[in-house]
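These notes concern the structure reproduced below.
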Number of protein chains: 2
Amino acid sequence: MAKQTKPLGRRSGSNDTRRSILEAARRLFSEKGYEHTTIRLVAAAAQVDPALPMHYFKTKQQLFLEAMLPDYQGPSRLSQALATISTPEAFGPAIAVLIVRIMEDPETRNILTGLIRAAASEPEAATLMRVFVEEQIILPISRALGGSQANLKASLLGSHIVGIFLTRYIVGLDTMASADPTEIAEMLEPIISTYALVHNDQ
Amino acid sequence: MAKQTKPLGRRSGSNDTRRSILEAARRLFSEKGYEHTTIRLVAAAAQVDPALPMHYFKTKQQLFLEAMLPDYQGPSRLSQALATISTPEAFGPAIAVLIVRIMEDPETRNILTGLIRAAASEPEAATLMRVFVEEQIILPISRALGGSQANLKASLLGSHIVGIFLTRYIVGLDTMASADPTEIAEMLEPIISTYALVHNDQ
DNA sequence: TGTATAATTCAACACATGATGAATTATACG
DNA sequence: CGTATAATTCATCATGTGTTGAATTATACA
């Protein structure tokens, strides 16, 4: 495989270089974590010169930031799903289905695993993940649950969700990694209901 | 603070250098993760020459290994706790109390957070954590639960536990980080009972 | 058309890291 | 006592990293 040298200077025609860098970065951060995703690796994956990621994003941190937080405007899908239900009994099915949807959507999955991987070593990424999980997961659940201890319940539920991601996609626990998402959702349903119904002495 | 040069050659008197290196390494791996725990940092924390950790453990991986897995012979404390109960109804209290104990014991906590931090980036550490969680957490719970789906239930429960560690000690979610362990245990009790009792059509 | 600007390549720097090997001093033990 | 061995310091290497700056070519636009 001969290293073909590209011509100097600007390319002609339309270019979506920036986007392809972001996509490569998102994939690599999610697969290898923050440290092991080098600028040169991202550039190679995007078939681009190693100086280009730095040129577009100035710093590795910034690249990570923009790669992990694409256009997340508007209410999260979790908020939307929760808005359609009213009785506490309907919570279990709703959230269980949603977790399956997250696990099966590659985009969201990559973001969550990328955040977890980085947060484990980089304090700034931990801050990012804190905000993400609080806004996108815990706050909606807490609002929907209501009652006393809603915040603690929602946080524990959120911990359960990220724990599942950790064991399934990162640690690779046999049972979790090979489990059918539907099976997990079924198992999870009564758990969520318990969180929704128990200790509700408001 | 002048850098005082120590004399050359072997020190006189008894030496527990190896142990202090291990202790410093365990603390640092747990606090900063694998990559950011440099050999030089460990040496400095142990007040020892930067070449000594390599001399005693040959490689950084080996140091991590020995630091994270001290003498863990015999049945785990979880197994012991589970051996004392018989009825499924007694599970919730037993495991809830155990989680609290893990969270409050600095040694165990450091090991678990160290394993999680490293596993997020280093595949070999993920293997280590896989074995640890399976043997020390999931297998005992699964055996104690019995019935159909015991393995999946135990794995989900294990995921919840490591998820709590992740959000509480690593990500630093406000609610989780500031929660009283007893409060968490109380909230968790009905959850564990649900895992123990539901879907039990063996 | 002409000129500022954007996109791209290339070479290189500065720095930290894990690891190695030689030199030096103390201990263990026959 | 004498010698092999262990413990310790020091200097250094090789490598990979994020980052920078200059040079080159195309585009945008007045």
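So that the names make sense, note that chain A is the first sequence line, chain B the second, and so on, each numbered from 1.
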Does the pair A:Arg26/A:Glu107 count as a salt bridge with the N-to-O cut at 4.0 Å?
yes
Under 4.0 Å: is that the gap between some side-chain N or O of B:Thr59 and OP1 or OP2 of C:dA19?
yes
In whole angstroms, how far is the P atom of D:dT15 from the CD1 atom of B:Ile39?
19 Å
Identify which nucleotide among C:dT8, C:dG18, D:dT17 has an atom closest to any side-chain atom of B:Thr38, counting heavy atoms from C-beta outward.
C:dG18
What nucleotide, of D:dT8, C:dG18, C:dA6, holds the atom closest to the side chain of B:Leu52?
D:dT8
Within this structure, what is the CZ-to-C1' distance between A:Arg19 and C:dA7, rounded to whole angstrom?
16 Å
Parallel, tilted or perpendicular: which fits the ring planes of B:Phe29 and B:Tyr34, with parallel below 30° and perpendicular above 60°?
parallel
Can you tell me how far P of C:dA19 sits from NE2 of B:His55, to the nearest Å?
15 Å
Position toward the 5' end of DNA chain D (nearest nucleotide), B:Ala51 or B:Asn15
B:Asn15
Rounding to a whole Å, what distance do you find between A:Asp49:CG and C:dT9:C1'?
5 Å
Report yes if at least one side-chain N or O of A:Thr17 is closer than 4.0 Å to OP1 or OP2 of C:dA7; otherwise report no.
no
C:dG18 P sits how many Å from A:Glu35 CD, rounded?
11 Å
Please report, rounded to the nearest Å, how far the C1' atom of D:dT17 is from the NZ atom of A:Lys32.
15 Å
Please report, rounded to the nearest Å, how far the P atom of D:dT17 is from the NE2 atom of B:His36.
13 Å
Judged by nearest nucleotide, the residue sitting upstream toward the 5' end of DNA chain C, A:Leu8 or B:Arg40, is A:Leu8
Are any non-hydrogen side-chain atoms of B:His160 and B:Ile192 less than 4.5 angstrom apart?
no
Could you tell me how far apart A:Tyr56 (OH) and C:dA6 (C1') are, to the nearest whole angstrom?
8 Å
Name the nucleic acid region contacted by A:Pro50, choosing base, sugar-phosphate or nothing; use a 4.0 angstrom heavy-atom cut-off, strictly under.
nothing
Check ion pair B:Glu31-B:Arg27 (N to O, under 4.0 angstrom):
yes
On DNA chain C, does the nearest nucleotide to B:Thr37 precede the nearest nucleotide to B:Arg11 from the 5' side, or the other way round? Give the residue.
B:Thr37
Check this for me, if you would: do B:Glu35 and B:Arg117 make a salt bridge, where the nitrogen-to-carboxylate-oxygen distance has to be below 4.0 angstrom?
no
